[in-house]
Amino acid sequence: MLHLKNYIDGAFVEAHDGQTLEDINPANGQVIATIPRSKSSDVESAAVAAKKAQSGWNATPMAERITWLETIADALESKHEQIAQAESLDTGKPISLARRVDASRSVENFRFFASFAREQKEMTFEMKDAMNYVHRNGLGVVGLITPWNLPLYLLSWKVAPALLMGNAIVAKPSEMTPLTANILAETLDELNLPSGVFNLVHGLGPEVGQGILEHPSINGISFTGGTATGRIVAATAAPMFKKLSLELGGKNATIVLDDADMQQAVDGAVRAAFTNSGQVCLCGSRILVQARIAEEFNAAFVKAVSSMKIGAPGDEESQIGTVISMEHLNKVESYIDLAMEEGGTILTGGTRAMTGRLGPDHNGAYLAPTVVAGLSHLSRCATEEIFGPVVTIHTFETLQEATEMANATEYGLAGSIWTADTAKGKALAQTIDTGIVWVNTWLHRDLRTPFGGVKNSGVGREGGQWSMGFFSETTNICVKDQN
Ligand code: TXE
């Protein structure tokens with residue numbers, strides 16, 4: 001069993017009071033590791049170290065910071081398999097997914113921000129008698145709070161631009177998935193990143209997370225997690241005038257028009273619904289199908305879903321592993337019960353999986369991918385974020401109806417449209433109130449583009465210049481001509 005520590009001011013340390021928490025393997029309930037159960041005094045140490053280190057880091061030339069990102073990318077790439085294994089163990093996701101998505105994207109995040117920054121030109125505005133130079137300084141110390149579904153993917157998505165722009169960091173990963181944040185800390189330590197530039201404090205949200213939100217020396221907060229927690233983050237940080245980026249939940253629609261390529265739409269809808277057992281904020285957890293093809297689509301979709309291979313996270317063949325914990329499994333199952341009460345019909349799934357299996361993966365948090373039909377698009381199951389392998393399927397007649405149904409939730413993160421007519425798809429996309437809509441694809445990301453939600457899915461945008469903007473203060477230097 002591993003005993004993880006905090007990483008503060010360039011050293012691995014226990015929580016001040018020595019308390020620990022257990023990190024549980026969702027596939028078998030066994031303890032993988034202990035982590036410090038830190039408190040606000042540990043956050044204080046991290047914030048002091050970060051504040052001390054930040055001015056030196058901010059003064060490091062941008063070109064050197066870019067080289068740092070490239071060096072970090074190379075070092076993480078050399079640990080690709082270690083990262084994938086740790087992520088699969090911690091989250092219960094299939095190892096193939098952890099390799100393809102989590103480990104690869106974590107490396108790519110550092111590499112992307114390095115190459116993107118290299119392409120940037122200094123912004124200037126010329127006047128008749130003066131020149132204006134737009135300058136970007138680091139915000140100062142930033143707090144990065146991240147969830148359990150894509151642990152290092154989402155942490156590195158924040159760490160890379162934060163370092164690039166000259167910030168020092170106090171990071172808190174989810175207490176349920178601390179392993180890969182620890183690998184990142186070990187990597188930065190091995191590379192001798194200046195002490196205090198990156199600090200990692202493990203523990204619970206209401207203890208460590210809250211400590212970060214409230215700390216007066218932490219100037220900005222980038223948070224990814226649930227909408228309910230996002231409200232607490234905003235309520236705490238806003239009166240302190242901290243800069244805030246909130247990436248919150250989603251209830252995304254997959255809209256299938258009657259001219260869509262059937263096979264492409266089915267494959268896309270399956271991937272959107274069940275990648276990472278539906279535990280991606282971008283997952284398409286509501287499928288809206290145009291009436292003329294509904295019967296054919298539903299049959300093909302259910303067939304594809306019921307043939308997905310559920311298996312142990314470490315099994316190379318698995319397409320669906322566990323959800324994050326037994327507690328979360330209970331929450332997801334409560335939505336299946338609710339679907340029955342709301343008048344729904346289960347077309348496939350709805351039950352735990354792997355329960356009869358002997359061996360170490362017995363009794364894990366496995367749930368068969370579940371498709372529910374017959375519910376109103378206004379039902380709770382069709383409007384609340386379930387964040388598990390459960391999808392509801394609905395029918396519409398006109399495009400206007402599709403828009404109304406897609407927009408009938410408090411969320412506005414993402415969505416996808418499947419059609420042979422891309423112009424029609426693009427026009428329909430403009431009527432959907434979400435931060436991103438994909439046409440004939442899903443989770444197809446260009447890291448230069450703005451990423452973020454509308455309505456209760458978040459505040460602010462990340463990606464390319466938006467991340468660089470968030471993690472900096474933009475100032476103007478106006479130099480008058482001397483002649
Ligand atoms: O997320 P939390 P949870 C959704 C999903 C899920 C629900 C709850 O619907 O079922 O949120 O999941 C830290 N101050 N998403 O409870 O609590 C916490 O320790 C500061 C969507 O795991 O939002 C963790 O590091 N921080 C989502 C991080 O916030 C606090 C991904 C996120 O945890 C805190 C995950 C506090 N008071 C869940 N309380 C997405 N959009 O991708 C908790 N935290």
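One-based numbering, in listed order, for ligands and for the atoms of each. Computed from a prediction, not measured in an experiment: that's the story for all the values here.
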Nearest-neighbour protein heavy atom for [atom], which is reported as residue plus atom name and distance:
atom                    : result
atom 13 (C) of ligand 1 : Ile145 CG2, 3.7 Å
atom 4 (C) of ligand 1  : Glu385 OE1, 3.4 Å
atom 21 (C) of ligand 1 : Phe387 CZ, 3.6 Å
atom 30 (C) of ligand 1 : Gly205 CA, 3.4 Å
atom 7 (C) of ligand 1  : Lys331 NZ, 4.2 Å

Nearest heavy-atom pair of Gly469 and Lys243: which atoms, and what distance? O-NZ, 2.9 Å
Shortest non-hydrogen contact between Leu191 and Ala75, atoms and distance: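 Heavy-atom minimum between the residues: CD1-CB, 4.0 Å.
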Aromatic centroids of Trp157 and Phe110 separated by under 6.0 Å: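 Between Phe110 and Trp157, the centre distance exceeds or equals 6.0 Å.
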Would [X] and [Y] pass as an ion pair if we require N to O under 4.0 Å?
X      : Y      : answer
Glu207 : Arg37  : yes
Glu77  : Arg111 : yes
Glu462 : Lys158 : yes

Quick check on atom 28 (C) of ligand 1 - does any protein heavy atom sit closer than 4.0 Å to it? yes
Run the numbers for me: atoms of ligand 1, each under 4.0 Å from some heavy atom of [X], listed by number.
X      : result
Phe223 : 23 (O), 28 (C), 29 (O)
Leu213 : 14 (N), 20 (C)
Glu175 : 18 (C), 19 (O)
Ser174 : 25 (O)
Trp148 : 3 (P), 12 (O), 22 (O)
Gln210 : 14 (N), 20 (C), 36 (C), 37 (N)
Ile232 : 37 (N)

Out of [options], who is nearest to [atom] when you count heavy atoms only?
atom                    : options                        : result
atom 35 (C) of ligand 1 : Gly203, Pro147, Gly211, Gly458 : Pro147
atom 39 (N) of ligand 1 : Thr229, Leu204, Thr146         : Thr229
atom 15 (N) of ligand 1 : Ser325, Cys281, Gly209, Gly226 : Gly226

Is the shortest heavy-atom distance from the side chain of Leu76 to the side chain of Leu184 under 4.5 Å? yes
Cation over ring, Arg352 on Tyr366, under 6.0 Å and within 45°? no
Quick one: side-chain hydrogen bond (donor to acceptor under 3.5 Å, both in side chains) pairs with a partner in residues 334-350, sequence neighbours left out? Tyr335-Glu384
Any pair counted as side-chain hydrogen bond (donor to acceptor under 3.5 Å, both in side chains), so long as it reaches residues 162-173, sequence neighbours left out: Lys172-Glu175
Quick one: does Gly225 get an N or O within less than 3.5 Å of an N or O on ligand 1? yes
Could you tell me how the ring of Phe387 sits relative to the ring of His328: parallel (under 30°), tilted (30 to 60°) or perpendicular (over 60°)?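 Ring orientation of Phe387 relative to His328: perpendicular.
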With a heavy-atom distance limit of 4.0 Å, tell me whether Leu248 approaches ligand 1 through its side chain, its backbone, both, or neither. backbone
